[in-house]
Colleague: 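I'd like to ask some things about the structure below.
When a ligand or atom number is given, it counts from 1 through the structure's own listing order.
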Amino acid sequence: MSKLRVAVLGAGGRIGSEAVRAVEAADDMELVAALGRGDKLETLTEAGAQVVVELTTPDSVMGNLDFCVGHGIHAVVGTTGWTDDRLAQLTAWLADSPKTGVLIAPNFSIGAVLTMKFAEAAAPYFESVEVIELHHPKKVDAPSGTAARTAQLIAAAREKAGSAPQPDATATALDGARGADVDGVPVHSVRLRGLLAHQEVLLGGEGETLTIRHDSLHHSSFMPGILLGARRVVSAPGLTFGLEHFLDLNV
Ligand SMILES: NC(=O)C1=CN([C@@H]2O[C@H](COP(=O)(O)OP(=O)(O)OC[C@H]3O[C@@H](n4cnc5c(N)ncnc54)[C@H](OP(=O)(O)O)[C@@H]3O)[C@@H](O)[C@H]2O)C=CC1
Ligand SMILES: O=C(O)C1=N[C@H](C(=O)O)C[C@H](O)C1
């Protein structure tokens, strides 16, 4: 059987360089291009890339996806910075290229995907929910894409369940002291030397708390999800948001 022809964008970055090694090591894939900032995107078509793994920066991702979707190249996207406007633009590009698939995964690690699922399930059963994400100090965006998605899922689950607004008597606060407000869920961002990617979801009810914590200790935690995404996206036209859609999760 012919190998899947995969290219990596952001190949010199922290996760991109790990993805290059993972694709090279996969028996069913061939790495046909590994591009950094300033490299010509035409290399992707010249190399016959079927799937691009996009691991760059929020300021680069849209231009890269415009090119990929426009040329019928499927994409697996880990880059953060997704807003409703950006998703609408991407959806419009995909409508013009109906056979092309794009997977956006806020997090490729199985533990982080499960954290989001568990938090979504637990959120309606507790009065209070807050998210703390902790990352390495070179991260350029806050809150993390994972934390923003987690908070959105929590908020949607609470709204569906008819949950009351969270109790909070704060009357005065320094800017930022209560974190960022993501759909009514406070999200706190820590940047600390020595960390990689970590998240806690704190849930509180009368006389009890529940903490769901996930730690990515190495970029290898993201690789099985990236490879799975590349294998599956070629037969999933349109936009898929979240790796959970490619996993047979029983939760
Ligand atoms: N979904 C997930 O599971 C994960 C997502 N991420 C996300 O992935 C992204 C990258 O993270 P990280 O590797 O830590 O960041 P890095 O800054 O280490 O890597 C980004 C790389 O992309 C390069 N780059 C920038 N623009 C372009 C472009 N137009 N074409 C090709 N390459 C480009 C950068 O080059 P230069 O340095 O020259 O600017 C850099 O080498 C972030 O958004 C991060 O949040 C990270 C880990 C897991
Ligand atoms: O920048 C990172 O490192 C990570 N970014 C993603 C995010 O913003 O959620 C995924 C993971 O947390 C690592």
Side-chain angles (χ1 to χ4, degrees), residues 7-22 33-44 49 52-68 73 75-83 86 102-116 119 131-153 180 182 187-201 213-230 233 240-247:
V8 177
L9 289 181
R14 280 176 290 274
I15 184 169
S17 53
E18 188 80 19
V20 164
R21 287 189 285 277
L35 306 185
R37 192 189 284 275
D39 289 340
K40 283 190 324 175
L41 290 174
E42 287 71 23
T43 305
L44 299 173
V52 155
V53 177
E54 217 288 353
L55 301 166
T56 63
T57 56
D59 66 331
S60 294
V61 64
M62 291 306 279
N64 289 339
L65 290 181
D66 188 8
F67 181 92
C68 291
I73 303 172
V76 171
V77 183
T79 305
T80 44
W82 290 99
T83 60
R86 284 179 166 220
V102 174
L103 165 69
I104 298 174
N107 202 302
F108 287 110
S109 85
I110 182 67
V113 172
L114 288 172
T115 298
M116 288 186 254
V131 178
I132 306 173
E133 56 94 341
L134 311 90
H135 280 81
H136 59 89
K138 290 196 169 168
K139 184 163 179 60
V140 296
D141 56 316
S144 70
T146 307
R149 182 65 179 156
T150 305
Q152 288 163 355
L153 292 170
V182 179
V187 179
H188 310 270
S189 297
V190 176
R191 297 292 174 262
L192 202 72
R193 181 73 66 205
L195 296 182
L196 179 55
H198 317 258
Q199 177 164 287
E200 284 189 3
V201 181
R213 179 173 173 115
H214 174 254
D215 300 275
S216 267
L217 305 171
H218 189 270
H219 280 100
S220 55
S221 62
F222 306 115
M223 296 306 123
I226 289 177
L227 298 181
L228 173 74
V233 75
T240 302
F241 197 96
L243 186 68
E244 61 274 19
H245 299 290
F246 288 172
L247 297 167

Colleague: May I ask you to decide if Thr57's main-chain N or O and Ser60's side chain share a donor-acceptor pair within less than 3.5 Å?
Modeller: no

Colleague: Side chain of Thr79, backbone of Thr56: donor and acceptor closer than 3.5 Å?
Modeller: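 Yes.
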
Colleague: Given 3.5 Å as the limit, does a donor-acceptor pair link the side chain of His136 with the main chain of Lys139, or not?
Modeller: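 Side chain of His136 to backbone of Lys139, a donor-acceptor pair under 3.5 Å: yes, one is there.
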
Colleague: Consider ligand 1: state whether an atom of it lies below 4.0 angstrom from any non-hydrogen atom of Gly36.
Modeller: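 A heavy atom of Gly36 does come that close to ligand 1.
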
Colleague: How many angstroms lie between atom CD1 of Ile132 and atom NE2 of His198, to the nearest 0.5 angstrom?
Modeller: 13.0 Å

Colleague: Report the part of Thr146 in contact with ligand 2, treating N, CA, C, O as backbone and CB onward as side chain, heavy atoms under 4.0 Å; options are side chain, backbone, both, neither.
Modeller: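 It is both backbone and side chain that touch ligand 2.
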
Colleague: Under 4.0 Å from any heavy atom of Gly145, which atoms of ligand 2 are there?
Modeller: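 Checking each atom against Gly145, I get 7 (C), 8 (O), 9 (O).
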
Colleague: Looking at OG of Ser189 and NE2 of His135, how far apart are the two atoms once the value is rounded to the nearest 0.5 Å?
Modeller: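 Those atoms lie 8.5 Å apart.
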
Colleague: So, regarding Ala105 and ligand 1 (criterion: nitrogen or oxygen to nitrogen or oxygen, under 3.5 Å), is there a contact or not?
Modeller: yes

Colleague: Considering only protein heavy atoms, which is closest to atom 43 (O) of ligand 1, and at what distance to one decimal place?
Modeller: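 Looking at atom 43 (O) of ligand 1, the protein heavy atom closest to it is Thr80 OG1, 2.8 Å.
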
Colleague: Do you know which of Thr240, Val102, Leu103 makes side-chain contact (heavy atoms from CB on, under 4.5 Å) with Val77?
Modeller: Val102

Colleague: Ligand 1 versus Asn64, non-hydrogen atoms closer than 4.0 Å: side chain, backbone, both, neither?
Modeller: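 Within the 4.0 Å criterion, Asn64 contacts ligand 1 through side-chain atoms alone.
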
Colleague: Would you say the side-chain atoms of Asn64 pair up with the backbone N or O of Val61, donor to acceptor, closer than 3.5 Å?
Modeller: no

Colleague: Using heavy-atom distances only, which candidate in Lys138, His219, Arg14 approaches atom 16 (P) of ligand 1 most closely?
Modeller: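 Residue with the shortest heavy-atom distance to the ligand atom: Arg14.
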
Colleague: Using a 4.0 Å cut-off to any heavy atom of Gly12, which atoms of ligand 1 qualify?
Modeller: 41 (O)

Colleague: For Gly16 and Val8, which heavy atoms make the closest approach, and how far apart are they?
Modeller: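 Heavy-atom minimum between the residues: O-CG1, 3.9 Å.
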
Colleague: Could you see which bit of Ala112 sits under 4.0 Å from ligand 2, with heavy atoms only: side chain, backbone, both or neither?
Modeller: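 Ala112 to ligand 2: no contact under 4.0 Å from either part.
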
Colleague: Give the residue, atom name and distance (to 0.1 Å) of the protein heavy atom nearest atom 47 (C) of ligand 1.
Modeller: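 Atom 47 (C) of ligand 1 sits closest to the protein heavy atom Ile15 CD1, 3.4 Å.
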
Colleague: Record the part of Phe222 in heavy-atom contact with ligand 1 below 4.0 Å; permitted values are side chain, backbone, both and neither.
Modeller: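 The answer is the side chain.
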
Colleague: Out of Thr56, Leu35, Thr57, whose heavy atom sits nearest atom 9 (C) of ligand 1?
Modeller: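 It is Thr56 that holds the nearest heavy atom.
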
Colleague: Are side-chain heavy atoms of Thr80 and Val140 found at a separation under 4.5 Å?
Modeller: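 No, every pair of side-chain atoms sits at 4.5 Å or beyond.
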
Colleague: At less than 4.0 angstrom from any non-hydrogen atom of Gly10, what atoms of ligand 1 do you find?
Modeller: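 So the atoms of ligand 1 that pass are 21 (C), 22 (O), 23 (C), 31 (C), 32 (N).
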
Colleague: So which protein heavy atom does atom 2 (C) of ligand 1 come closest to, and at what separation?
Modeller: Phe108 CD1, 3.5 Å

Colleague: State whether the side chain of Gln199 and the backbone N or O of Val201 hold a donor-acceptor pair below 3.5 Å, judged by distance alone.
Modeller: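 Absent.
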
Colleague: Counting heavy atoms only, which of Ser216, Ala11, Gly63, Gly13 comes nearest to atom 21 (C) of ligand 1?
Modeller: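 Shortest heavy-atom distance from atom 21 (C) of ligand 1: Gly13.
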
Colleague: Sub-3.5 Å donor-acceptor pair from the side chain of Thr150 to the main-chain atoms of Met116, do we have one?
Modeller: no

Colleague: With respect to atom 2 (C) of ligand 2, which of His214, Lys138, Lys139, His198 exhibits the smallest heavy-atom separation?
Modeller: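 Residue with the shortest heavy-atom distance to the ligand atom: Lys139.
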
Colleague: Is atom 34 (C) of ligand 1 touching the protein, meaning some protein heavy atom lies under 4.0 Å away?
Modeller: no

Colleague: Could you check atom 12 (O) of ligand 2 against the protein and tell me its nearest heavy-atom contact, residue, atom and distance included?
Modeller: His135 NE2, 2.6 Å

Colleague: How about atom 37 (O) of ligand 1: does it have a protein heavy atom within less than 4.0 Å?
Modeller: no

Colleague: Search all heavy atoms of Ala7 against all heavy atoms of Leu44 and return the closest pair with its distance.
Modeller: CB-CD2, 3.5 Å

Colleague: As an exercise, identify every atom of ligand 1 less than 4.0 angstrom from a heavy atom of Pro106.
Modeller: 1 (N), 2 (C)

Colleague: Counting only heavy atoms closer than 4.0 Å, does ligand 1 sit against the backbone of Lys139, its side chain, both, or neither?
Modeller: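 Just the side chain.
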
Colleague: Closest non-hydrogen protein atom to atom 27 (C) of ligand 1, residue and atom name please, with distance?
Modeller: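 Here the nearest protein heavy atom works out to Ser60 OG, 3.5 Å.
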
Colleague: Minimum heavy-atom separation for Ala11 and Val20, please, with both atom names.
Modeller: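 Distance-wise, the nearest heavy atoms are CB-CG2, 3.8 Å.
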
Colleague: Give the residue, atom name and distance (to 0.1 Å) of the protein heavy atom nearest atom 5 (C) of ligand 1.
Modeller: Gly78 O, 3.1 Å

Colleague: Heavy-atom distances under 4.0 Å decide this one: backbone, side chain, both or neither, for Gln199 against ligand 2?
Modeller: neither

Colleague: Less than 4.5 Å apart, side chain to side chain, heavy atoms only: is that true for Phe241 and Arg149?
Modeller: yes

Colleague: Do Glu18 side-chain atoms and His219 backbone N/O form a donor-acceptor pair below 3.5 Å?
Modeller: no

Colleague: Roughly how far, to the nearest 0.5 Å, is the CZ atom of Phe67 from the CG atom of Leu9?
Modeller: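 So the gap between those two atoms works out to 9.5 Å.
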
Colleague: Against heavy atoms of His136, which atoms of ligand 2 measure under 4.0 Å?
Modeller: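 What qualifies from ligand 2 is 1 (O), 2 (C), 3 (O).
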
Colleague: Looking only at non-hydrogen atoms, which of Glu54, Met223, Arg37 approaches atom 39 (O) of ligand 1 most closely?
Modeller: Arg37

Colleague: Give the atoms of ligand 2, by number and element, whose distance to some non-hydrogen atom of Ser144 is under 4.0 Å.
Modeller: 7 (C), 8 (O), 9 (O)

Colleague: Using a 4.0 Å cut-off to any heavy atom of Asn107, which atoms of ligand 2 qualify?
Modeller: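 Answer, ordered by atom number: 10 (C), 11 (C), 12 (O).
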
Colleague: For Ala197, counting its heavy atoms only, list the atoms of ligand 2 lying under 4.0 Å from any of them.
Modeller: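 Ligand 2 atoms under the 4.0 Å threshold to Ala197: 11 (C), 12 (O), 13 (C).
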
Colleague: Does Asn107 reach the main-chain N or O of Ser109 with its side chain, forming a donor-acceptor pair under 3.5 Å?
Modeller: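 Yes: the side chain of Asn107 pairs with the backbone of Ser109.
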
